[in-house]
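Below: one structure, written as structure tokens.
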Amino acid sequence: MKNLKVYEADDRMISLIKDNYNLLQSLGSFGISLGFGDKTVRETCEDNGVDTYTFLAVVNYTINGNTDFENDDQISVPTLLHYLKASHIYFLDFQLPFIRRELDEAIDDGDSLGMLIMKFYDSYAHEIREHMHYEERKLFPYVQSLLAGRLDDEYNIGLFTRHHTQADEKLKELKTLIIKYLPPDHQRNNKLIAALHDVYNNEEWLHLHREVEERIFLPAIRRLERTAQQSDVARNISSMVFKNGSDNGEALSDRERDVVVALVQGMSNKEIAEHLCISTNTAITHRRNIARKLQIHSVAGLTIYAIVNGLVDISSVKL
């Protein structure tokens, strides 16, 4: 049952923990150490260099489902990034190995069903590791680039969401096996029950971790992307205006200019290919080369470029 209280910056931090002991792990992920005495949430966050508003957004969402923050520009992406990175370390370096040791101690080495349980667990753990490592390789560096005001031509948050899969099916099979396996040996039975309890707890933790990503982190990244795109367009407008419509980089080829014209007229890659009698892959390659040469990464920016440089008349532009 969710706690319906919405916590605020002036509440004492100790009250949050007393009401919701499962926040202890979240404190570590935010980089907040215990020993804060009777300080408020705001005082504790400020002492630890944590954005108070973002901390409360995560806490109130995970405790009571509060979503008032979903489209809020006050959310701190650096704070969220630190939280998610630390959560990965906690889960991959501590929780997954800890539960495996629990299972290993509870299962008879010569039992074939017990070996199957370990196999299911290792498969589940591998899937979780692969997912989190993908985020660390692709998503987190991309977010750091956005924070620095740089766009990536080859990656965006839409590509990430296609990889944001779940390992629920493997976990369901694992839990069913453990429940059916429970041996008559009371000592092993107790150990296996304790391990199963931790499996359920971590299933809930992973669910909340995924929800924080989906409901708080990803919307914040989409806002960052829009800001970076707008800045990119503004920079290029300024560049084109002050350079009298010429660019300092490589000149566009005639075919690349044709592609720009087609793009600002609203054509898709496939339509451009058909219009210019080229393959779709060639059209995509032209688009990448155009973005690289002009450092313009949106159709809006290309539209302005085309108008400023006399490639199209404004009446032919599809808005």
Side-chain angles (χ1 to χ4, degrees), residues 1-36 39-96 128 131-132 134-136 139-144 146-147 157 160-161 164 166 200-225 227:
M1 182 177 179
K2 288 190 179 293
N3 185 334
L4 297 181
K5 175 176 172 57
V6 175
Y7 293 96
E8 298 178 352
D10 291 328
D11 287 328
R12 291 193 305 156
M13 184 67 85
I14 188 69
S15 299
L16 272 69
I17 307 304
K18 285 181 177 178
D19 293 347
N20 311 276
Y21 65 86
N22 56 356
L23 286 180
L24 284 169
Q25 192 275 318
S26 292
L27 288 183
S29 293
F30 275 110
I32 296 175
S33 302
L34 299 179
F36 37 71
K39 290 182 178 179
T40 64
V41 171
R42 180 186 288 107
E43 290 170 336
T44 306
C45 286
E46 288 176 352
D47 286 348
N48 289 274
V50 176
D51 180 72
T52 305
Y53 187 89
T54 305
F55 173 80
L56 286 170
V58 173
V59 164
N60 283 317
Y61 177 69
T62 55
I63 289 175
N64 53 45
N66 180 61
T67 57
D68 292 344
F69 52 80
E70 280 187 303
N71 296 308
D72 201 326
D73 289 334
Q74 293 184 69
I75 293 291
S76 166
V77 174
T79 295
L80 282 177
L81 193 58
H82 180 279
Y83 169 80
L84 293 173
K85 285 181 176 179
S87 295
H88 282 197
I89 292 171
Y90 173 81
F91 193 75
L92 296 179
D93 294 351
F94 176 73
Q95 280 298 85
L96 281 179
I128 296 298
H131 173 75
M132 290 188 172
Y134 172 82
E135 291 186 356
E136 290 161 6
L139 178 63
F140 295 165
Y142 172 67
V143 174
Q144 294 283 18
L146 284 178
L147 288 170
I157 208 64
F160 166 72
T161 56
H164 209 218
Q166 304 176 16
Y200 272 100
N201 276 343
N202 279 276
E203 180 184 21
E204 181 180 0
W205 181 89
L206 269 179
H207 171 73
L208 289 175
H209 177 81
R210 189 164 55 239
E211 286 289 295
V212 168
E213 286 185 329
E214 294 281 353
R215 304 296 294 274
I216 305 178
F217 189 56
L218 297 188
I221 303 312
R222 291 188 183 99
R223 289 194 293 272
L224 261 185
E225 280 185 336
T227 300

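The shown structure was predicted, so the numbers you read here are calculated from the model rather than taken from an experiment.
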When you check the side-chain N and O atoms of Asn20 and Tyr7, is any donor under 3.5 Å from an acceptor?
yes

If only side-chain N and O atoms count, and only distance matters, is there a donor-acceptor pair under 3.5 Å linking Thr79 with Thr54?
no

Give me the atom names and distance for the closest heavy-atom approach of [X] to [Y].
| X | Y | value |
| --- | --- | --- |
| Asp51 | Gln74 | OD2-O, 4.1 Å |
| Thr44 | Asn48 | O-ND2, 2.7 Å |
| Glu213 | His131 | OE1-NE2, 4.4 Å |
| Ile75 | Ala57 | CD1-CB, 3.7 Å |
| Ser87 | Ser29 | OG-OG, 3.0 Å |

Let's go through Glu225 and Tyr142 carefully: what are the C-alpha distance in whole Å and the side-chain angles of both, what is the deciding distance for side-chain hydrogen bond (donor to acceptor under 3.5 Å, both in side chains) to 0.1 Å, and is it a yes or a no?
CA-CA 10 Å; Glu225 280 185 336; Tyr142 172 67; 2.4 Å; yes

Check against side-chain hydrogen bond (donor to acceptor under 3.5 Å, both in side chains), Glu211 and His207:
CA-CA 6 Å; Glu211 286 289 295; His207 171 73; 4.6 Å; no

If you measure from CG on Leu56 to SG on Cys45, what distance do you get to the nearest 0.5 Å?
6.5 Å

How long is the straight-line distance from CG of Leu81 back to CD1 of Ile221, given to the nearest 0.5 Å?
7.5 Å

For the residue pair Tyr83 and Phe217, establish whether any side-chain heavy-atom pair is separated by less than 4.5 Å.
no

N-O pairing of Asp10 and Arg42 below 4.0 Å:
yes

Please tell me whether Tyr90 and His209 form a close aromatic pair, meaning their ring centres lie under 6.0 Å apart.
no

